[in-house]
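Only one structure is covered here, and it is reproduced in the block below.
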Protein chains: 2
Amino acid sequence: MSPTVQRHPLAAQTAAHLLTRVRSGEWPLGHKLPGETALAAQLGVGRSTVREAIRELAGKGVLDSRQGAGVFVTALDVTEDWDCVLRRASIVSVLEARIAIEAEAAALAAQRRTPADLRALRRALAARLAGRPEGEAFVDADTRFHRTVLVAAHNDLLLEMFDSFVPRVHRAMTELLRVQPIRSPHEDHARHQQLADAIAAGDPVAAAERSRAHLTTVKETLS
Amino acid sequence: MSPTVQRHPLAAQTAAHLLTRVRSGEWPLGHKLPGETALAAQLGVGRSTVREAIRELAGKGVLDSRQGAGVFVTALDVTEDWDCVLRRASIVSVLEARIAIEAEAAALAAQRRTPADLRALRRALAARLAGRPEGEAFVDADTRFHRTVLVAAHNDLLLEMFDSFVPRVHRAMTELLRVQPIRSPHEDHARHQQLADAIAAGDPVAAAERSRAHLTTVKETLS
DNA sequence: CCTGCCGACTCCTCGGACAAGCTGAGGGGT
DNA sequence: ACCCCTCAGCTTGTCCGAGGAGTCGGCAGG
């Protein structure tokens, strides 16, 4: 039955079992599940166990229990964890998605940046130049600069997407920098300076172009 | 103690309480929480209630309980539900994000499309032209065509992001189409045809440009 | 220093009990 | 015929006590 020792708690097994039956369509969206007592008898486990399984699925947003009424299906599937998807995705895929988001954000930033955004951009750029171009600290400074661009774009959704990429990209960049240091730190900084300039100048096309060019370089370094 | 009548179950309150304390840094990442018995006594609730609260947070991925060892913090915050973020985001924000993703995907599709991709693209285009340009059916056909482009880009992450946008965009498009029908169905179809042609011709710049132009038109219609 | 044993601590599961809340059927009034 | 109120029955919420199973750290022995 199980390839390895199956040390899963009963409650977790019960949760998995219920999720399977929900997915199978046995209980359609909005439908009421059998009572906890009935489920416990049906599955041959205690009511407390069933309750914990239901809680677990409630935490995932699949079920919703209302006192006196019953337990109801609120979603047919678990909205897969975004982090999980990212972990599975190849670093090249993530970088391509990042290019898409950052290039667009750079263009928007060129149109929408406020004076405060520009100040933050200059500060982040200076901080990025301050440290030596290696190690985790540099990656952090670099990330902060790129994030500042996203902030200047004034689009919450794009920013949220960028933030969700950060952990995955951070790991890969730190690794990359250790194996293969930046060839020309001066040129690298110049690219970022040009991006900031284009945003300051209010030139969406140039900003997108600079952003894309920089990230494409990084992507090609990886492949 | 409580400003309003506590109509939330004790277990839910306990879960919220624990989440707050995790967020506050009282229990750092990887740290062990006090025992269930201790927590129950500390919060003045039963042990079963604490267990259900822990299960709820475990379902959300914040806690992880290991028999014999204890309960540990696995994440400092709940990764906010992607659907939730999208629901809150303005439709303009979503459309801007969609432009970013689709334009990049169109460029990638132009470079990576297989013969099978091109066949699917032609089929989707024909299906889109078949029905009358109104109602939910048309929105579905349109969505399928755009999704086919994403598939041809051969980047799982971009596709996943597109799919997560679909429900939100679908609602908005259906609404928009009812209020304001497409002025020139012929021109609309021509734009899609040009996008498909650019991808077939293997011209990334043109494909991105066509995709961007089409979606920008939609965005401007909305604002 | 390494190994194996052992006990304390912790989570896991169960069964039972009572409280709190919702639902729908039925009675009474208009 | 229609509406409103009441109430019995079912369901979830909460708590308790008990025993089983697993993990970790200390301790004695090699």
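The chains referred to below are lettered A, B, ... by the order of the sequence lines, with proteins before strands, and numbering in each begins at 1.
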Are any non-hydrogen side-chain atoms of [X] and [Y] less than 4.5 angstrom apart?
{"X": "B:E96", "Y": "A:L108", "answer": "yes"}
{"X": "A:K219", "Y": "A:V92", "answer": "yes"}
{"X": "B:I182", "Y": "B:F138", "answer": "yes"}

Can you identify which nucleotide, out of D:dT23, D:dG20, D:dT12, has its nearest atom closest to the B:A69 side chain?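 Of all the options, the side chain of B:A69 is nearest to D:dT23.
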
Scan residues 139-161 of chain A for pairs that pass ring pair (Phe, Tyr, Trp, His ring centres under 6.0 Å), counting only residues two or more places apart or in two chains.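 Non-adjacent pairs meeting ring pair (Phe, Tyr, Trp, His ring centres under 6.0 Å): A:F145-A:H192, A:H146-A:H192, A:H146-A:H214.
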
Could you tell me the separation between the [atom1] atom of [X] and the [atom2] atom of [N], rounded to a whole number of Å?
{"X": "B:Q67", "N": "D:dC24", "atom1": "CD", "atom2": "P", "result": "12 Å"}
{"X": "B:E56", "N": "D:dT12", "atom1": "CD", "atom2": "C1'", "result": "15 Å"}
{"X": "A:E52", "N": "C:dG15", "atom1": "CD", "atom2": "P", "result": "14 Å"}
{"X": "A:H8", "N": "C:dC12", "atom1": "NE2", "atom2": "P", "result": "13 Å"}

Looking at DNA chain C, which of residues 18-48 of chain B put a heavy atom within less than 4.0 Å of it?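 The stretch gives B:G35, B:E36, B:R47 as the residues lying under 4.0 Å from the strand, ordered by number.
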
How would you label the contact of B:R66 with the nucleic acid (heavy atoms, under 4.0 Å): base, sugar-phosphate, or nothing?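 Since only primed, P, OP1 and OP2 atoms lie under 4.0 Å of B:R66, the category is sugar-phosphate.
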
Would you find more than 12 non-hydrogen atoms of other residues, nucleotides or ligands less than 6.0 Å from B:D156 atom CG?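 Check fails, neighbour count at 12 or below.
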
Result block: side-chain N/O donor-acceptor pairs under 3.5 angstrom for residues 60-70 of chain A, not counting sequence neighbours:
none

Which comes earlier along DNA chain C counting from the 5' end, the contact point of B:R51 or that of A:G68, where each point is its nearest nucleotide?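 With B:R51 and A:G68 compared, the 5'-side residue is B:R51.
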
